[in-house]
Amino acid sequence: MLDIKLIRQKPEWIKDKLASRGVTAAEIDELLALDTQRREKIVATEELKKQRNQVSAEIAKVKREHGDASAQIAAMRAVGDQIKTLDADLTDLDGQVTYILVRLPNIPADDVPVGPNEDYNQEVRKWSTPRQFEFTPQAHWDLGEKLGILDFERGAKVAGTRFVYYKGLGAKLERALYNFMLDEHSKEGYQEVIPPYLVNNEAMFGTSQFPKFTEDVYTIINEGEPLTLIPTAEVPLTNYYSHEILDEAQLPVYLTALTPCFRSEAGSAGRDTRGLIRLHQFNKVEMVKYVKPEDSYQELDKLTADAEDILRKLNLPYRVIALASGDASFSSAKTYDLEVWIPAQNTYREISSCSNCTDFQARRAQIRYRDAEGQVHLVNTLNGSGLAVGRTVAAILENYQNEDGSITIPAALVPYMNGVTTIPAK
RNA sequence: GGAGAGUUGGCAGAGUGGUAAUGCACCGGACUCGAAAUCCGGCGAACCGGUAAAACGGCGCGCAGGUUCAAUUCCUGUACUCUCCUCCA
């Protein structure tokens with residue numbers, strides 16, 4: 001959520017900044033008009049409330065002295081009615097202001113490429129070079145099925161399309177990967193947590209999946225109370241400190257968690273229908289940071305480096321993309337995507353997204369800190385995948401495949417695989 | 001699932017229709033070479049409006065409604081915490 005005061009002060013700047021994110025100038029103008037009305041009502045109602053407070057004090061005094069206050073009481077009855085009417089108007093205007101405000105995306109940082117979609121993304125750097133195969137590399141789903149470590153058919157039978165079973169060394173590879181990732185992040189100072197996988201609407205609002213993106217998630221109703229299966233651990237990790245005021249000395253806070261992620265993938269029909277790239281349920285190791293505002297961009301670089309480090313240690317070629325303003329997520333001011341090389345598709349595919357959400361989520365979720373002078377400020381929040389585990393399995397299967405269909409286990413993972421160095425061909 | 005108790009400033013903790021005591025902590029001053037102790041004074045969450053900045057005002061006793069001229073106090077609903085019972089991986 002943006003600061004309404006900032007929108008009041010710099011409306012033209014806001015319009016310009018949000019134009020490439022699909023926000024029209026008319027929306028901002030409407031918001032400001034409603035905000036002006038709202039503040040006029042506030043002044044009017046507070047004036048009456050002041051009057052009521054003063055007269056009520058008089059009434060109290062008269063009553064204490066056993067006098068007659070019926071004239072004042074009658075007057076205040078009328079004032080009370082006026083207040084009631086004004087407050088009702090105010091509630092209505094508040095609702096209208098909030099409706100628009102919570103649907104405005106974050107302001108892109110100054111160095112973010114401006115553009116409406118992914119065509120305007122910029123490659124920042126590339127690491128390593130894709131391997132040259134002396135044979136035609138197979139897709140990971142073919143490898144996985146042949147090796148008996150992935151079973152998409154039974155996933156579909158039992159749950160539906162976009163579900164999978166991992167088996168045997170496939171399941172162990174997934175487990176090895178996330179243990180490896182969590183260990184690496186722990187070394188960098190992230191505290192490992194196991195959060196709830198179901199969250200309430202307030203949490204979904206705090207990280208701004210709600211109210212705009214209700215279609216993308218699975219929500220279950222339990223005795224009338226909705227709970228949503230987390231689409232990412234960002235939700236429970238970032239809401240961990242919601243409605244709290246931290247001490248400045250506590251910052252920065254680094255958290256990491258492995259969780260399953262659940263996404264309805266509404267609107268992605270026909271895309272990545274095979275394999276591990278786009279499933280309704282997948283594991284992801286997430287990193288979340290709470291930092292002071294002045295540190296947030298430096299922390300974003302570190303966060304991105306921490307995600308990259310996993311790919312480097314697995315020796316998987318990747319590139320770093322700076323997302324264009326129109327391609328970044330709703331709450332992000334600046335996002336780097338990491339894309340890993342997928343040989344069978346002859347392209348790079350997203351495996352991590354690292355974002356600085358500045359104070360956007362902190363304002364929604366009311367996450368603040370108190371500085372040495374006792375002043376209260378919003379924290380900045382960041383999140384990044386480190387990494388999407390299923391996609392990492394896909395990348396390993398494809399990049400580490402041998403001509404006979406066997407898979408060499410990356411050296412860094414061998415200790416996590418109990419010494420297994422190869423997934424043998426069948 | 002059942003029963004009871006609780007939720008008030010950084011902490012502790014009173015109040016119970018007339019508009020939030022008190023203690024500790026914190027800040028300033030006195031005393032002192034300095035400190036402690038003592039004394040005097042002050043500050044009280046967070047938020048909103050207002051202002052050039054102030055002043056000032058509103059709100060504020062878990063949350064949401066209601067009754068009332070007036071609600072921390074009464075009524076209704078609800079969340080969470082604790083204790084006991086019940087059940088359970």
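What you see below is based on every heavy atom in this structure, not just the backbone, and it leaves out hydrogens, waters and symmetry mates. So that the names make sense, note that chain A is the first sequence line, chain B the second, and so on, each numbered from 1.
Rounded to whole Å, the C1' atom of rG41(B) lies 26 Å from the corresponding atom of rA46(B). Taking atom P in both rU16(B) and rC26(B), the straight-line distance is 32 Å, to the nearest Å. Only the P atoms considered, rC61(B) is 10 Å distant from rG9(B), to the nearest whole Å. For the C1' atoms, the distance from rA14(B) to rU67(B) is 27 Å, rounded to whole Å. Nucleotides rU38(B) and rA70(B) have their C1' atoms positioned 43 Å apart, rounded to a whole Å. Annotation: rG58(B) and rA20(B) have their P atoms spaced 11 Å apart (nearest Å). With P as the reference atom, rA54(B) and rC48(B) are 14 Å apart, rounded to whole Å. With C1' as the reference atom, rA37(B) and rA30(B) are 14 Å apart, rounded to whole Å.
Between the side chain of Thr207(A) and the main chain of Gln209(A), no donor-acceptor pair closer than 3.5 Å is present. Side-chain N or O atoms of Asn200(A) include one that pairs as donor or acceptor with a backbone N or O of Ala203(A) at under 3.5 Å. Side-chain N or O atoms of Arg8(A) include none that pairs as donor or acceptor with a backbone N or O of Leu32(A) at under 3.5 Å.
Between Arg349(A) and Asp337(A) there is no salt bridge, since no side-chain N of the basic residue sits under 4.0 Å from a carboxylate O of the acidic one.
Aromatic ring centres of Tyr416(A) and Phe180(A) lie closer together than 6.0 Å. Taking the six-membered ring where the residue is Trp, the centroids of Phe262(A) and Tyr197(A) are separated by 6.0 Å or more.
Across the protein-nucleic acid pair, Glu202(A) atom CD and rA64(B) atom P stand 12 Å apart, rounded to whole Å. When the P atom of rC59(B) is taken as reference, atom CG of Asp87(A) falls 9 Å away, rounded to whole Å. What separates CG of Leu86(A) from P of rG58(B) is a distance of 16 Å, to the nearest Å. If you take NE2 of His243(A) and P of rC80(B), they are 15 Å apart, rounded to a whole angstrom.
Nucleotide rG18(B) forms a Watson-Crick or G-U wobble pair with rC69(B), both donor-acceptor distances falling under 3.5 Å. Pair assignment for rC63(B) gives rG77(B), based on Watson-Crick or G-U wobble hydrogen-bonding distances that are each under 3.5 Å. Base-pair partner of rG41(B): rC27(B) (Watson-Crick or G-U wobble, both distances under 3.5 Å). Across all strands shown, rC84(B) pairs with rG2(B); the Watson-Crick or G-U wobble distances both stay below 3.5 Å. Using the Watson-Crick or G-U wobble rule with both distances under 3.5 Å, rA55(B) pairs with nothing in any strand shown.
At least one cation-pi condition fails for Arg274(A) and Phe152(A): the charged atom is not both under 6.0 angstrom from the six-membered ring centre and inside a 45 degree cone around its axis.
Annotation for Tyr178(A): atom OH counts as buried by contact number, over 12 foreign heavy atoms lying within 6.0 Å.
The closest side-chain heavy-atom distance from Val124(A) to Ile321(A) is not below 4.5 Å. No side-chain heavy atom of Thr421(A) sits under 4.5 Å from any side-chain heavy atom of Thr408(A).
Under 4.0 angstrom from either OP1 or OP2 of rA79(B) there lies no side-chain N or O belonging to Asn200(A).
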(message) Using a 4.0 Å heavy-atom cut-off to protein, can you give one letter per nucleotide of nucleotides 46-55 of chain B, 5' to 3': B if the base is in contact, S if only the sugar-phosphate is, - if neither?
(response) SSBSS-----
Name the pairs: protein N/O against N/O of nucleotides 68-73 of chain B, kept only if under 3.5 Å.
{"from": "rC69(B)", "atom 1": "OP1", "to": "Arg77(A)", "atom 2": "NE", "distance (Å)": "3.0"}
{"from": "rC69(B)", "atom 1": "OP1", "to": "Arg77(A)", "atom 2": "NH2", "distance (Å)": "2.5"}
{"from": "rC69(B)", "atom 1": "O4'", "to": "Ile73(A)", "atom 2": "O", "distance (Å)": "3.4"}

